[in-house]
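Both counts, for ligands and for their atoms, begin at 1 and track the order of listing.
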Amino acid sequence: MARKRVLSGMQPSGLLHLGNLLGALDNWKALQDQYDCFFFIADWHALSTNYADTSRIREFVHEMLVDWLAVGIDPNKATIFVQSSNSDHAILHLLLSMITPIPWLERNPTYKEKQEQIADRDLATYGFLGYPVLQAGDILLYKADFVPVGKDQLPHLELTCELARRFNSIYKYVFSDPQELLTSFPKVLGTDGRKMSKSYGNTINLSDSEPVVRQKLKTMVTDPARVRRTDPGNPDICPVYDFHKIYSQPAVVERVNKECRTAEIGCIDCKKLAADGMVAKLSPIWNARTQFSRDPKQVQDIVEAGADRAKKVSHQTVEEVKDAMKI
Ligand code: TRP
Ligand code: SF4
């Protein structure tokens, strides 16, 4: 029996951090063993909020590929490519846009939210309004069975299903409904104790070096009630303890849990232990990053081969769509 297909994309809007690793990439890594996976970099989507400044987009695409490969997204298991290298995404976007009612896009909650969040850039464009149509095209082009995404993407997935059904009913049956694959992952807090996010400037990046990671942990916020060394602390409300739970050996986690509450261990030592655990887990990724960074040709070859594989699938869908539309 053919394996079910999984598709997901990521915007190259900056350097990847530990939140992205624990939230998406670790999950993708597990999926590639089980499913026929397509993972792509959504560089056209990144234009929708950044059209005026494209100076770093190629760099971000490359760094993202290096990150993916370094964490173990494997081109022998999954099809890895860049959206802009397959123009079928533009074709399906255009054709779907013809049948997309504008109110469906205007009522999309992320449309309004993003406009409020991103006040410093112009989002009053046709491309930004049509962002979910481009995304629907990405998904339907490969007839994905499952789409692993975070909760914030659910409205886009719903619109994808609505567009698929609308297409089928206007022309003929081409698309089945893709399903979301919501995954639970540990919440990852940044160095300031808020959710780890590029826009807060509180991230630990996969591309950070060991000294940078250690420094970031040193200045990380802790239980605010623990002012003096002799004050007992509460690990349950300390973001450093969250890192222990993710990266440290069980014995260390247990020790911190006990000794923080009795003020036996101080925050400086506790953070050093957290950094040790994190560095141990990140070291293999850093080594692989260095290898891939030194060999841009290899990275290029991987995404070119990925694009060829992607096109084989997407060409067929585009033909079916044109046939259904009689054009
Ligand atoms: N919109 C997604 C995000 O910002 C990225 C994306 C683009 C995507 N096309 C996709 C995700 C198709 C899943 C499937 O995270
Ligand atoms: Fe947080 Fe560790 Fe300090 Fe406790 S000892 S408050 S867990 S940093």
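Thr222 CG2, 3.5 Å is the protein heavy atom nearest to atom 8 (S) of ligand 2. The protein non-hydrogen atom at the shortest distance from atom 2 (Fe) of ligand 2 is Cys270 SG, 2.3 Å. Cys260 SG, 2.3 Å is the protein heavy atom nearest to atom 4 (Fe) of ligand 2. Among protein heavy atoms, the minimum distance from atom 5 (S) of ligand 2 is reached at Arg226 NH1, 3.1 Å.
Side-chain rings of Tyr111 and Tyr131 stay apart, their centers remaining 6.0 Å or farther from each other. Ring centroid separation for the pair Tyr142 and Phe175 does not come in under the 6.0 Å cut-off.
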Output, in order, the C-alpha distance, side-chain angles, deciding distance and verdict of side-chain contact (heavy atoms from CB on, under 4.5 Å) for Gln32 and Ile73. CA-CA 8 Å; Gln32 68 184 355; Ile73 305 298; 4.1 Å; yes

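His89 and Phe40 have tilted rings, their planes meeting at an angle from 30° to 60° on a 0 to 90° scale.
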Using a 3.5 Å cut-off on N/O to N/O, what pairs does ligand 1 make with the protein? A line per pair would be great.
unit_1   : atom_1 : unit_2 : atom_2 : d
ligand 1 : 1 (N)  : Tyr131 : OH     : 2.7
ligand 1 : 1 (N)  : Gln135 : OE1    : 2.9
ligand 1 : 1 (N)  : Gln153 : OE1    : 2.9
ligand 1 : 4 (O)  : Gln11  : NE2    : 3.2
ligand 1 : 4 (O)  : Tyr131 : OH     : 3.1
ligand 1 : 9 (N)  : Asp138 : OD2    : 2.7

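Taking every non-hydrogen atom of Val240 and a distance limit under 4.0 Å, the qualifying atoms of ligand 2 come out as 8 (S). The Asp223 neighbourhood of ligand 2 comprises atoms 6 (S), with distances under 4.0 Å to a heavy atom of that residue.
In this structure, OG1 in Thr100 is found 7.0 Å from CG in Leu159, a value given to the nearest 0.5 Å. Here the CZ-CD1 distance, from Phe38 to Ile139, works out to 14.0 Å after rounding to the nearest 0.5 Å. Note that OG of Ser97 and CG of Leu105 are 9.5 Å apart. Values are rounded to the nearest 0.5 Å.
Contact annotation for Cys267 and ligand 2: heavy atoms of both the backbone and the side chain come within less than 4.0 Å of the ligand.
Considering Ser85, Pro12, Ser84 as possible partners of Ile41, the one that fulfils the side-chain contact (heavy atoms from CB on, under 4.5 Å) test is Pro12.
Coordination check, Cys238 versus atom 4 (Fe) of ligand 2: failed, since every N/O/S atom of the residue sits at 2.8 Å or beyond.
A donor-acceptor pair is defined here as one N or O able to donate and one able to accept, closer than 3.5 Å; no such pair exists between the side chain of Asp53 and the backbone of Asn50.
Taking 4.0 Å as the cut-off between side-chain N and carboxylate O, Asp323 and Lys172 count as a salt-bridged pair.
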